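One structure below.
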Amino acid sequence: MEMRRKDLAVTDPAALDEMIRRCDCFRLAFADGSHPYIVPLSFGYVHEGEERKFYFHSAGAGRKVDLCRKLGWAGFELDNGGRIKPNAKACDFSVAYESVIGEGAIQELTDLKDKAAGLQVIMAHYSGRGDWEMPESVLKRTCVFCLTV
């Protein structure tokens with residue numbers, strides 16, 4: 001995606017990775033016919049070579065799952081909130097955002113080992129640990145997806 005204010009773009013891969021790691025909500029956006037659909041999600045993130053991968057999970061049914069399977073592509077947004085930049089003039093008030101916006105291909109993980117690995121990435125993002133037990137019964141009923149940028 002092209003950024004209008006290129007002077008504000010973060011281009012250093014390590015800095016971008018750090019921005020993503022500070023985020024705690026991944027918003028997934030779909031073009032569902034003539035109506036947009038966006039949903040906030042828990043996520044995990046890995047940067048492998050030239051690819052950035054976001055993992056997210058879901059129950060086995062619902063609009064998000066249907067759109068992931070049907071479209072195989074989505075936009076996303078992550079941010080760290082924003083810092084208000086007050087000014088004496090109303091029109092000069094601003095917000096300093098730190099956000100990442102993009103799009104990518106979505107793949108559903110169906111192999112139990114792949115699903116467990118994706119869930120470990122999600123858990124590591126929030127807990128700092130990637131060694132959680134994943135019961136097979138839970139893996140079988142949980143949908144796990146990977147969005148590759």
Side-chain angles (χ1 to χ4, degrees), residues 1-84 94-149:
M1 291 190 141
E2 287 292 318
M3 183 172 169
R4 184 181 64 83
R5 290 285 312 268
K6 293 185 185 344
D7 60 311
L8 298 177
V10 175
T11 57
D12 176 55
L16 186 57
D17 289 347
E18 185 54 37
M19 279 176 55
I20 291 169
R21 286 188 184 93
R22 286 194 301 266
C23 295
D24 58 10
C25 181
F26 178 81
R27 291 171 190 85
L28 192 61
F30 297 97
D32 186 14
S34 63
H35 297 77
Y37 177 70
I38 188 167
V39 59
L41 301 166
S42 301
F43 75 100
Y45 169 74
V46 294
H47 184 175
E48 300 172 337
E50 294 298 312
E51 293 182 329
R52 288 181 162 83
K53 295 183 177 187
F54 293 93
Y55 293 88
F56 56 95
H57 70 291
S58 176
R63 187 173 183 189
K64 170 182 58 197
V65 171
D66 293 344
L67 290 170
C68 284
R69 290 174 177 159
K70 174 183 163 187
L71 302 174
W73 192 267
F76 66 88
E77 188 273 347
L78 304 100
D79 65 72
N80 288 320
R83 182 178 46 83
I84 302 289
S94 184
V95 179
Y97 289 103
E98 184 177 82
S99 62
V100 179
I101 300 168
E103 58 186 84
I106 297 175
Q107 174 188 5
E108 183 173 3
L109 307 179
T110 56
D111 179 80
L112 294 185
K113 286 183 182 182
D114 292 341
K115 290 169 93 171
L119 291 170
Q120 292 292 356
V121 172
I122 296 167
M123 291 304 300
H125 180 76
Y126 293 100
S127 71
R129 284 183 42 206
D131 60 351
W132 296 87
E133 281 192 40
M134 302 285 171
E136 187 173 323
S137 60
V138 172
L139 293 173
K140 286 183 176 179
R141 70 174 183 260
T142 303
C143 287
V144 181
F145 295 92
C146 177
L147 182 144
T148 302
V149 179

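Since we're looking at a predicted model, the values are computed, not measured.
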Using the rule given for side-chain hydrogen bond (donor to acceptor under 3.5 Å, both in side chains), can you reason through Trp73 versus Glu103, listing the C-alpha separation, both sets of side-chain angles and the distance that settles it, and then say yes or no?
CA-CA 7 Å; Trp73 192 267; Glu103 58 186 84; 3.0 Å; yes
Do the non-hydrogen side-chain atoms of [X] and [Y] ever get within less than 4.5 Å of each other?
| X | Y | value |
| --- | --- | --- |
| Ile101 | Phe76 | no |
| Glu18 | Pro13 | no |
| Trp132 | Leu119 | no |
| Cys68 | Leu147 | no |
| Arg69 | Glu108 | yes |
| Lys64 | Leu41 | yes |

Answer yes or no: are there more than 12 heavy-atom neighbours, outside His57 itself, under 6.0 Å from its atom NE2?
no
Is it the case that atom OH in Tyr97 sees more than 12 heavy atoms from other parts of the structure closer than 6.0 Å?
no
From [atom1] ([X]) to [atom2] ([Y]), nearest 0.5 Å:
| X | Y | atom1 | atom2 | result |
| --- | --- | --- | --- | --- |
| Asp32 | Lys70 | CG | NZ | 5.5 Å |
| Ser127 | Ile122 | OG | CD1 | 11.5 Å |
| Leu67 | Ile106 | CG | CD1 | 8.5 Å |
| Cys25 | Asn80 | SG | CG | 11.0 Å |
| Tyr55 | Gln120 | OH | CD | 12.0 Å |
| Phe26 | Asp79 | CZ | CG | 12.5 Å |

Passes side-chain contact (heavy atoms from CB on, under 4.5 Å), Leu78 versus Met19? Steps please.
CA-CA 9 Å; Leu78 304 100; Met19 279 176 55; over 6 Å; no
Considering all heavy atoms, the nearest [X]-[Y] contact:
| X | Y | answer |
| --- | --- | --- |
| Phe30 | Ala74 | CE2-CB, 3.7 Å |
| Val65 | Ala59 | CG2-O, 3.3 Å |
| Pro36 | Ser34 | CD-O, 4.0 Å |

If you apply the rule side-chain contact (heavy atoms from CB on, under 4.5 Å), what do you find for Val149 with Glu51, and how did you get there?
CA-CA 6 Å; Val149 179; Glu51 293 182 329; over 6 Å; no
According to side chain to side chain donor-acceptor pair (under 3.5 Å), who are the partners of Glu77, at least two apart in sequence or on a separate chain?
Arg27
Below 4.0 angstrom, N of the basic side chain to O of the carboxylate: do Lys113 and Asp111 qualify?
no
Is Arg83 paired with Glu98 through a side-chain N to carboxylate O contact shorter than 4.0 Å?
no
Let me check something: any side-chain donor-acceptor pairs from residues 133-146 under 3.5 Å, sequence neighbours excluded? List them with distances.
from: Glu136; atom 1: OE2; to: Lys140; atom 2: NZ; distance (Å): 3.0
from: Thr142; atom 1: OG1; to: Val138; atom 2: O; distance (Å): 2.7

Step through it carefully: locate the ring centre of Tyr45, locate the ring centre of His125, and say whether they are under 6.0 Å apart.
no
Would you please test His47 and Leu16 for side-chain contact (heavy atoms from CB on, under 4.5 Å) and show each step?
CA-CA 10 Å; His47 184 175; Leu16 186 57; over 6 Å; no
Which class fits the ring pair Phe54 and Phe43: parallel under 30°, tilted 30 to 60°, perpendicular over 60°?
tilted
If you apply the rule side-chain contact (heavy atoms from CB on, under 4.5 Å), what do you find for Glu48 with Lys53, and how did you get there?
CA-CA 8 Å; Glu48 300 172 337; Lys53 295 183 177 187; 3.4 Å; yes
